[in-house]
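In what follows, a structure is listed as structure tokens, so that the remarks can point back to it.
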2 protein chains.
Amino acid sequence: MKVTMKDIAKEANVSVATVSRVINGTKPTSEETYKKIMDVIKKYNYVPNSSAQNLRQKNTKTAALIVSSFPDSYITNITKAVGQRAREYGYRLLFIDTNEQADYEQESIQLLTSSQMVDGLILSPTSNNIDYLQPLIDKQFPIVLVNRYDPKLETIPRVTADDYQAGFDATNHLLSHGHKHIGVVYNFPNVTTTIDRLNGYKEALQLAGIPYREDYFAQGFGTVEGGMRATERLLKSKPEVTALFIQSDLMTIGAISALKNLSLKWPDDISLIGFGDFEASEIIEPPITNVNLPPDTIGKTAFDALLNKMSNPQYNRHIQLPTSLIVRKSCGSH
Amino acid sequence: MKVTMKDIAKEANVSVATVSRVINGTKPTSEETYKKIMDVIKKYNYVPNSSAQNLRQKNTKTAALIVSSFPDSYITNITKAVGQRAREYGYRLLFIDTNEQADYEQESIQLLTSSQMVDGLILSPTSNNIDYLQPLIDKQFPIVLVNRYDPKLETIPRVTADDYQAGFDATNHLLSHGHKHIGVVYNFPNVTTTIDRLNGYKEALQLAGIPYREDYFAQGFGTVEGGMRATERLLKSKPEVTALFIQSDLMTIGAISALKNLSLKWPDDISLIGFGDFEASEIIEPPITNVNLPPDTIGKTAFDALLNKMSNPQYNRHIQLPTSLIVRKSCGSH
DNA sequence: ATGAAAGCGCTAACAC
DNA sequence: GTGTTAGCGCTTTCAT
């Protein structure tokens with residue numbers, strides 16, 4: 001049989017209320033009863049039943065992390081950081097990988113929130129259209145958006161990389177190496193990571209007086225396979241392209257496969273710049289230049305933002321973390 | 001205000017008992033009341049409070065996945081598979097990354113189980129010494145071990161790769177290329193993935209009449225940095241080593257860095273075989289030969305095993321999934 | 001087929 | 001400083 005608070009109370013010759021007080025430190029207790037109760041608790045290794053606590057207190061000390069592109073290394077590292085922070089604050093973390101399926105995302109959130117399973121959630125959504133959150137927002141249910149967001153949802157805090165700047169910097173880097181025809185491999189068109197980076201790309205081109213051409217874009221779906229196909233397709237149809245701007249780690253790996261298949265050398269035949277910075281990019285020969293997005297800081301900040309939102313419903317900061325260009329050799333020297 | 005079952009009952013002019021029956025399909029209900037109740041439920045988007053359900057039914061439809069070496073790609077893919085299976089069966093998944101800290105692992109499990117937060121757990125432990133689970137096992141709390149295990153815990157189901165065979169095959173492959181001095185980079189000495197693979201390695205050497213030398217071992221702690229240092233240390237102190245047997249993806253990446261630092265070429269100066277098979281191993285030049293451990297099958301099987309254990313406390317199968325050698329070019333031709 | 005009511009394990013208001 | 005008790009939202013006997 002499971003030992004309950006009643007059992008502890010009986011064995012210590014006190015009421016359950018006193019046991020509860022001792023456990024939660026809610027009210028002062030005499031030295032003597034405190035010790036007596038603690039001894040019994042230790043003896044039985046007693047821990048309160050969390051369902052009962054949750055039911056009573058209407059909170060669960062549990063948060064959910066819902067991501068769409070797992071296990072891309074960037075998301076994976078964000079996940080690690082969120083988990084770490086949750087642990088530091090004594091929160092449990094429910095993990096859901098939607099596998100880019102919007103309906104599953106919506107369904108999961110609906111279930112989790114209406115069943116009151118979690119106190120808040122951190123979401124990296126499948127798209128920039130998540131109006132279905134509106135009823136939750138109206139009810140002041142704590143949500144924070146991470147990595148990708150919906151610009152319409154202004155009252156929700158969000159933490160992302162500075163994707164616009166990242167796109168701008170990456171493009172300038174390519175431009176400075178003399179490239180005029182820069183291909184883009186993106187994962188999905190309707191996510192802010194794509195949109196914002198492409199805006200940066202566009203701006204950089206404009207400043208350089210170079211036309212922005214949508215036919216230089218190819219969709220890679222965030223996978224190795226997809227990145228490979230997209231790169232092959234793009235390079236075959238637009239042979240004038242001399243540089244590639246690739247939106248995620250897995251697709252970068254695919255793009256490199258494609259270059260090998262096409263017997264193209266980087267940086268000589270084609271330049272390459274990735275986003276995310278996977279572990280292996282340094283040991284690929286020549287090493288791959290990357291825009292580093294800081295997953296660790298993003299994950300931690302996202303959890304902190306959730307905590308803020310939970311204690312203050314007005315909290316709605318939009319945090320953009322700076323990115324950095326890690327110049328290796330895939331774009332040529334310097 | 002949150003809508004409760006009472007509200008639904010009132011609006012539908014029935015008792016809460018009837019609403020409960022309709023929701024759970026516990027007892028037959030008249031067509032008419034069924035429809036009436038369902039309409040009200042739809043209208044309010046009502047979902048039962050899970051804490052109340054858990055408290056009453058003494059189960060939570062929640063499982064925990066506790067891993068130690070996140071985000072190594074192998075574990076990451078197991079995580080994805082477990083999540084997928086959990087979802088298929090309507091379970092929520094609590095995720096904990098212990099970061100190889102045994103005390104945190106123990107503490108988390110203690111908390112999760114004694115607070116009755118989860119119905120069962122899947123554990124990839126930090127070491128092969130997890131006796132602290134014994135009280136839980138005695139209480140018949142459902143646990144399954146994945147990836148790493150404790151051989152003493154025979155009544156717990158486990159699902160792993162066939163690490164012995166994997167080590168044996170990898171070593172034979174190296175042997176067949178004429179190597180006689182095979183270095184090993186391992187993560188931790190006291191985990192079964194290391195022990196079993198090394199037993200396979202030992203056996204293969206023995207059959208080939210080659211001495212087994214522990215001074216050919218270097219610890220890499222499962223990280224890129226650690227793998228790099230271990231490889232450098234090993235190769236500097238034992239220049240006769242012509243082949244490397246590396247136990248995890250992140251360490252393989254580190255090992256390659258080390259080779260570059262030492263200006264050693266593979267497979268000419270040194271052969272290389274990894275375990276796990278990370279995405280980038282194919283695009284590294286020359287591509288890296290790997291023992292592929294099937295994370296997807298392992299993760300799914302682990303969740304299935306948990307389900308089995310939950311319904312049948314006697315269930316204690318030890319499942320070893322076959323591995324496969326993916327021969328690329330890091331060990332020479334053929 | 002449906003309702004009344006007990007009770008899961010806990011917390012907190014209220015009394016002393 | 002401590003005990004009594006109501007009640008969180010639900011499931012499930014036991015009646016009818």
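To find a chain, count down the sequence lines: A is the first, B the second, and so on, and within it residues start at 1. Since the structure is predicted, the reported quantities are computational estimates derived from the model, not experimental observations.
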For [X], which contact category applies under a 4.0 Å heavy-atom criterion: base, sugar-phosphate, or nothing?
X	result
B:Asn54	nothing
B:Tyr46	sugar-phosphate
A:Lys58	sugar-phosphate
A:Asp7	nothing

| query | Side chain of A:Arg158, backbone of A:Gln320: donor and acceptor closer than 3.5 Å? | reply | no

| request: Keeping the roles fixed (side chain from A:Asn312, backbone from A:Asn308), state whether a donor-acceptor pair exists under 3.5 Å. | output: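 Answer holds: no.
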
| Residue met sooner reading DNA chain D from 5', once B:Pro48 and B:Arg21 are mapped to nucleotides | B:Pro48

Among [options], which is the nearest nucleotide to the side chain of [X]?
X	options	value
B:Pro28	D:dT11, D:dG3, C:dA1	C:dA1
B:Thr4	D:dC10, D:dT11, C:dG3	D:dC10
A:Asn49	C:dT11, D:dC10, C:dG9	C:dG9
A:Thr29	D:dC10, D:dT11, D:dT2	D:dT2
B:Ala17	D:dT2, D:dT11, C:dA4	C:dA4
B:Ser30	C:dT2, C:dT11, C:dA6	C:dT2
A:Val16	D:dG9, C:dA5, C:dT11	C:dT11
A:Arg56	D:dG7, D:dT13, C:dC8	D:dG7
B:Thr33	C:dT2, D:dT2, D:dT12	C:dT2

Less than 4.0 Å between a side-chain N and a carboxylate O, is that true for [Y] and [X]?
X	Y	answer
A:Asp39	A:Lys35	yes
B:Lys152	B:Asp131	yes
B:Asp304	B:Lys300	no

| Residue met sooner reading DNA chain C from 5', once A:Lys2 and A:Thr26 are mapped to nucleotides |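 Its nearest nucleotide being more 5', the pick is A:Lys2.
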
| query | Are OP1 or OP2 of C:dG3 and a side-chain N or O of B:Thr18 less than 4.0 angstrom apart? | reply |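 So the side chain of B:Thr18 is within the cut-off, an N or O lying under 4.0 Å from OP1 or OP2 of C:dG3.
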
| N/O (side chain, B:Gln53) to phosphate O (OP1/OP2, D:dG9) under 4.0 Å |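 For D:dG9, OP1/OP2 do not have a side-chain N/O of B:Gln53 under 4.0 Å.
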
Tell me the interatomic distance from [X], atom [atom1], to [N], atom [atom2], rounded to whole angstroms.
X	N	atom1	atom2	value
B:Lys6	C:dA4	NZ	P	13 Å
A:Ile23	C:dC10	CD1	C1'	10 Å
A:Ile37	C:dT11	CD1	P	13 Å
B:Lys27	C:dA1	NZ	P	10 Å
A:Tyr34	D:dT2	OH	P	13 Å
A:Lys10	D:dT2	NZ	P	21 Å
A:Glu32	D:dG1	CD	P	13 Å
A:Asn24	C:dA12	CG	P	7 Å

| message | In terms of relative ring orientation, are A:Tyr89 and A:Phe303 parallel, tilted or perpendicular, with 30° and 60° separating the classes? | response | parallel

